[in-house]
Structures are given as C-alpha cells and as structure tokens.
Number of protein chains: 2
Amino acid sequence: MANSKLYKGSLQTIILNLLEQNDKMYGYEITQKVKQITNGELKITEGALYPALHKLEAEGFLDVEIINFGNRMRKYYKLTEQGETENVNRLVELQEFIKNMQIMVNPKFSLE
Amino acid sequence: MANSKLYKGSLQTIILNLLEQNDKMYGYEITQKVKQITNGELKITEGALYPALHKLEAEGFLDVEIINFGNRMRKYYKLTEQGETENVNRLVELQEFIKNMQIMVNPKFSLE
DNA sequence: ATATTATGCATAAGAAAATTATGTATATAT
DNA sequence: ATATATACATAATTTTCTTATGCATAATAT
C-alpha cells in the first residue's frame, strides 16, 4: 500500500469514505482515485483492495452492481444505509486516532 | 491495542518517539505512559509490546540495560544513534500519513 | 490471614490485514 | 510484436496484533 506501515488498518476507512464522497465506484477506479489525490504517495494493491471490498460487502456495508462496460466488466460498489452509519463511526475513530498520535509525538497538543 | 484497527502499524512509531522524549524507559513504564497521555484510550498489550521492543533492539534501534530494582527486574531501553535517525524518519512518515488521510476524508484539505 | 491488584518480564497460538505472486481477459499505443 | 493500461480474482506468505498463558515479587484491600 505504501512505504510506511501506518496505512495498515486504514484501507476500509478509505474505501467507505471514498464511496460516501463519490456515490458509486468500481475497484480499479478506487485505486486510481487514491493515487491521484495523494499525488502518487499511496498505491492500493489489488491483493488488498478486492478482498477488502468483498468483506465490506459481506458485512452489509456495500451493495454491488455489475455493469458491462464495452467488453469489460465493472463492479460498482455503493454504501448501504448500514455502510453510511459505519462510515460516520470510522471517521470519528480516525479523528481520535490522529488526535492521540499527535499528542504522543508532540505532548504540547494535549494542552489545547 | 484499541477498539480501532487504525493503530495497527503504529506501535514502533510510538515506542521510538517516547524514547526520544524520555531518554530511557522500561516496558511496563511505556504501557503506563501511553495509557496516561491518551486518557486511557490507548492500551498497549504486553503481547504486542515485548516482541516489538525485541525487534527494534535486533534491528539496532534500541540498546538495553538490565537493572535490578529492589527484587524486581527492569529492562531499560534507549535509542541508539541509528534509532534516533529512524525516529526522525518515522515522524516524517507519520505526518505524511496523517496529511494523506485528512486529504482523503476531507478533500478540502488539499486546497491548502 | 489471604485474596486481589499492581508490577515486571516472556512466549505461543491464532486472527486479521497486508504483500507478493499469479491468473484471466480486453484495449491501446509503440 | 510488445508493453502498458484497464478490470476482475485468488493463493501463499508475511507482518502485526490479540488473546491466553506462564513465572515471580510487592502492595493493598477484605
């Protein structure tokens, strides 16, 4: 996913959030979007992405729609209602995580 | 470590940074310090901590000094020169990670 | 008195999430 | 013809963590 291990555990958060912002997306599109908005710093590998999408779907957070685009196939994913709720929770967790990491690496943050 | 998966991959960064700030610490002290500065939100388990310390030591980032404190034993860890360099790199990675996550969940950040 | 909690180390089994390596197939550019 | 891009997928392996267990001493609560 990237040179740093920090991204471990953040893939689902990223996927849920992109789908909140973009209504529906297919797998390859997600990899390109992430590469684009991080200026190439973050590359999501297929071996991580597809299993993650399948898991989120199995948990009821995503719905799939298969589209035949020309002669190729695309699987469009979108958030279910449950998925929208989950996304809100994940964003809260992300902000708490970032806050705690900032505090730890720079104790002055805790004085705010 | 916590309710959220996001902390996966961040333990080494946390350890290196605490040792930068506190010169030398022993394992149990690290768990208590982290609990304290995150108001109990982040609890580092022993099953994660001790293997992580051993790994950082094996990689040459930490030096150990065994102290007999009363009848108990403490293993004090401190950064090697290599460890200090590594810590700087990890902090840069952390800030880049946070920046990228902020951009992804809130595209407005990219306009700064 | 004695049971629990705190202090302090450690490892082993298992789960979760990733990497790396494949595999299939079409489209396009050199 | 060959490489790159698009588009899906899975399998083997590695990394990192959780959960469970083990040993031992010290302090505190009942």
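Residue numbers start from 1 in every chain, and the chains themselves are labelled A, B, ... in the order their sequence lines are given, proteins ahead of strands.
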message: Just to be sure I understand the rule, does B:Arg74 reach a base, reach only the sugar-phosphate, or reach nothing, if contact means heavy atoms closer than 4.0 Å?
response: sugar-phosphate

query: Out of D:dC8, C:dA17, C:dA10, which nucleotide sits closest to the side chain of B:Lys8?
result: C:dA17

- request: For the pair B:Lys33 and B:Glu29, find out whether any cationic side-chain nitrogen is under 4.0 Å from an anionic carboxylate oxygen.
  value: no

task: For D:dA7, take OP1 and OP2 only and decide whether either is under 4.0 Å from a side-chain N or O of A:Tyr26.
output: yes

message: I'd like to know if the side chain of A:Gln21 pairs up with that of A:Asn17 as donor and acceptor (distance under 3.5 Å, no hydrogens or angles considered).
response: yes

- request: Grab the two heavy atoms, one from A:Ile44 and one from A:Ile14, that are nearest each other, plus how far apart they are.
  value: CD1-CG2, 4.5 Å

message: Quick check for you: among D:dT10, C:dA10, C:dG8, whose closest atom lies nearest to any side-chain atom of A:Tyr50?
response: D:dT10

task: For B:Gly9, answer base if it contacts any base atom (sugar-phosphate contacts may also be present), sugar-phosphate if it contacts only those atoms, and nothing otherwise; contact means non-hydrogen atoms under 4.0 Å.
output: sugar-phosphate

- prompt: Heavy atoms under 4.0 Å, any strand shown: does B:Ser10 hit a base, just sugar-phosphate, or nothing?
  reply: sugar-phosphate

field: Side chain of A:Pro51 - closest among D:dT10, C:dA27, D:dC8
entry: D:dT10

task: Could you tell me whether A:Lys55 contacts a base, only the sugar-phosphate backbone, or nothing, with contacts defined as non-hydrogen atoms closer than 4.0 Å?
output: sugar-phosphate

- prompt: Which part of the nucleic acid does B:Gly27 contact within heavy-atom distance under 4.0 Å: base, sugar-phosphate only, or nothing?
  reply: sugar-phosphate

- request: Could you tell me whether A:Glu46 contacts a base, only the sugar-phosphate backbone, or nothing, with contacts defined as non-hydrogen atoms closer than 4.0 Å?
  value: base

- request: Provide, to the nearest angstrom, the distance between the CE atom belonging to A:Met25 and the P atom belonging to D:dA7.
  value: 12 Å

task: Run the salt-bridge test on B:Lys75 and B:Glu57 with the 4.0 Å N-O cut-off and return the result as yes or no.
output: no

query: Starting at the 5' end of DNA chain D and moving along, which residue's nearest nucleotide shows up first, A:Lys5 or A:Gln32?
result: A:Gln32

Side chain of B:Arg72 (C-beta onward), nearest among C:dG8, D:dA9, D:dA7: C:dG8

